[in-house]
Visitor: 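One structure coming up, written as structure tokens, with questions to follow.
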Amino acid sequence: MKLATWNVNSLKVRLPQVIAWLDANPVDALCLQELKLPQEKFPAEALAELGYKASWAGQKTYNGVAVLSREVGTDVQVNLPNFEDPQQRVIAVTLPSAVGDIRVISAYCPNGQAVGSDKYAYKLAWFAALHDWLREEMQRYPRLAILGDYNVAPADADVHDPAKWAGDVLVSEPEREAFQRLLSLGLTDAFRLFEQEEKSFSWWDYRQFAFRRNAGLRIDHVLLSASLVPHCAACIIDKAPRRNEQPSDHTPVVATLDFKGVS
DNA sequence: ATGGTCGTCTCACGA
């Protein structure tokens, strides 16, 4: 079973790239973030033609999340139930697997803009609510995977130039603590289960030839509950879509779960 | 050197 996440920065602009990527990289579920389109503009038909069902939470201009899946997602939950918020940042669905139902969540965590700003305070409050909700969600769904754009680089190894970024939004200590609190619920960063190339990133700023210089951050993550970790056979960042013309500033992260042999 | 580039009902703002 393959689970992937991709912040597409406008599904309207990126739909042809999403279709091309899915053609080349069939997955069981693809979590999308930053759809930037209203609920009624979601391209469900084009994705259905590819064989993907979809659950989505749209919002005009900003945010918006979806889960595309081979099997229909059930028990769809939109947004954090414990956090009143007009911004569409979370969608959770239940998918069948060889070992039983898996809860798959697509999350677009707030960016935070700048340390000390109102948006930064909102980010930390949002993470606290995510934490509290996940604790309950993991009790209900012991097999849980939450994928998305966390807008947090968990460690200096996830930052191209830690000295330059020190203390800034996306790497500041309170944000990293908020991320670690999610892990303390019993979630594991799938990417770090495996040996990885140094300077592996999932996002590069559009400016200053950042991708060409590999001046990026690893802020897109796949977190797995403990019962899924033994099944995780691989987790990779696919840099290829970042080389496309008119790319998203993020590139997909893909986790492979193997249910053969291990129960 | 506080710049730069995207996407959005663009001449501003969020990322």
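By convention in this document, chain letters (A, B, ...) are assigned in the order of the sequence lines, proteins followed by strands, and residues within each chain are numbered from 1.
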Visitor: Restricting to side chain to side chain contact (heavy atoms under 4.5 Å, CB included), what partner residues turn up for A:Y62, sequence neighbours left out?
Guide: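 So A:Y62 forms a side chain to side chain contact (heavy atoms under 4.5 Å, CB included) with A:Q59.
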Visitor: Only counting residues at least two apart or in another chain, list the ones meeting side chain to side chain contact (heavy atoms under 4.5 Å, CB included) with A:F209.
Guide: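 Once residues adjacent in sequence are excluded, the partners of A:F209 under the side chain to side chain contact (heavy atoms under 4.5 Å, CB included) criterion are A:R212.
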Visitor: Tell me the interatomic distance from A:Q246, atom CD, to B:dT5, atom C1', rounded to whole angstroms.
Guide: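 In whole Å, B:dT5 C1' and A:Q246 CD are 12 Å from each other.
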Visitor: For the P atoms, the ones on B:dC9 and on B:dT5, what distance do you get once it is rounded to whole angstrom?
Guide: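 My reading of the P atoms in B:dC9 and B:dT5 gives 22 Å.
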Visitor: Among residues 108-117 of chain A, which residues get a heavy atom nearer than 4.0 Å to DNA chain B?
Guide: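 Close to the strand are A:Y108, A:N111, A:Q113.
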Visitor: I'd like to check the side-chain hydrogen bond (donor to acceptor under 3.5 Å, both in side chains) partners of A:S10; sequence neighbours left out, ordered by chain and number.
Guide: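 For A:S10, no residue satisfies side-chain hydrogen bond (donor to acceptor under 3.5 Å, both in side chains) once neighbours in sequence are set aside.
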Visitor: Which residues pass the side-chain hydrogen bond (donor to acceptor under 3.5 Å, both in side chains) test with A:N25, sequence neighbours left out?
Guide: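 A:N25 satisfies side-chain hydrogen bond (donor to acceptor under 3.5 Å, both in side chains) with no other residue.
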Visitor: In whole angstrom, give the distance that lies between atom NZ of A:K119 and atom P of B:dC13.
Guide: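 Interatomic distance, NZ of A:K119 to P of B:dC13: 10 Å.
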Visitor: Could you tell me which residues satisfy ring pair (Phe, Tyr, Trp, His ring centres under 6.0 Å) with A:F211, sequence neighbours excluded, listed by chain and number?
Guide: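 For A:F211, the residues satisfying ring pair (Phe, Tyr, Trp, His ring centres under 6.0 Å) (neighbours in sequence not counted) are A:W204.
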Visitor: In terms of side-chain geometry, is the basic nitrogen of A:R192 or A:D158 positioned less than 4.0 Å from the acidic oxygen of its partner?
Guide: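 Yes, this pair counts.
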Visitor: To the nearest Å, how far apart are A:E34 CD and B:dG7 P?
Guide: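 Those two atoms, CD and P, are 11 Å apart.
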Visitor: If you look only at distance, which donor and acceptor atoms sit under 3.5 Å apart when one is on a side chain in residues 41-55 of chain A and the other is two or more places apart or in another chain?
Guide:
{"unit_1": "A:Y52", "atom_1": "OH", "unit_2": "A:V27", "atom_2": "N", "d": "3.1"}
{"unit_1": "A:Y52", "atom_1": "OH", "unit_2": "A:V27", "atom_2": "O", "d": "3.0"}
{"unit_1": "A:Y52", "atom_1": "OH", "unit_2": "A:R70", "atom_2": "NH2", "d": "3.3"}

Visitor: Verify the neighbour count for atom NZ of A:K239: are there more than 12 heavy atoms of other residues, nucleotides or ligands below 6.0 Å?
Guide: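 Atom NZ in A:K239 is packed in, count exceeds 12.
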Visitor: Under the ring pair (Phe, Tyr, Trp, His ring centres under 6.0 Å) test, which residues partner A:F201, sequence neighbours left out?
Guide: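 By the ring pair (Phe, Tyr, Trp, His ring centres under 6.0 Å) rule, A:F201 matches no residue at all.
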Visitor: So, using side chain to side chain contact (heavy atoms under 4.5 Å, CB included) as the criterion, who are the partners of A:I236 when residues are at least two apart?
Guide: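 Partners of A:I236 by the side chain to side chain contact (heavy atoms under 4.5 Å, CB included) criterion, ordered by chain and then number, come out as A:D238, A:V254.
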Visitor: Round to the nearest Å and state the distance from A:K164 atom NZ to B:dG4 atom C1'.
Guide: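 Result: 11 Å.
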Visitor: In whole angstrom, give the distance that lies between atom CD of A:Q59 and atom P of B:dA15.
Guide: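 Atom CD in A:Q59 sits about 10 Å away from atom P in B:dA15.
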Visitor: Could you go over nucleotides 8-11 of chain B and give all protein N or O partners under 3.5 Å, atom names and distances?
Guide:
{"unit_1": "B:dT8", "atom_1": "OP1", "unit_2": "A:S10", "atom_2": "OG", "d": "2.2"}
{"unit_1": "B:dC9", "atom_1": "OP1", "unit_2": "A:T61", "atom_2": "OG1", "d": "3.3"}

Visitor: For the pair made of CG in A:D168 and P in B:dT2, what is the distance, rounded to whole Å?
Guide: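 Those two atoms, CG and P, are 17 Å apart.
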Visitor: Return the residues of residues 199-217 of chain A meeting this criterion: a heavy atom under 4.0 Å from some atom of DNA chain B. Order them by number, or give none.
Guide: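 Contacting residues: A:Y206, A:R207, A:Q208.
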Visitor: How would you list, by chain and number, every residue that makes a side chain to side chain contact (heavy atoms under 4.5 Å, CB included) with A:E40, sequence neighbours excluded?
Guide: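 A:E40: side chain to side chain contact (heavy atoms under 4.5 Å, CB included) contacts with A:P38.
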Visitor: For B:dG7 and B:dT2, measure between their C1' atoms and round to the nearest Å.
Guide: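 The same atom, C1', in both gives a distance of 23 Å.
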Visitor: Please give the distance between the C1' atoms of B:dA1 and B:dC11 as a whole number of Å.
Guide: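 It comes out at 26 Å once rounded to the nearest Å.
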Visitor: What's the CG-P distance between A:D249 and B:dG7, to the nearest Å?
Guide: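 So the two atoms are 9 Å apart, to the nearest Å.
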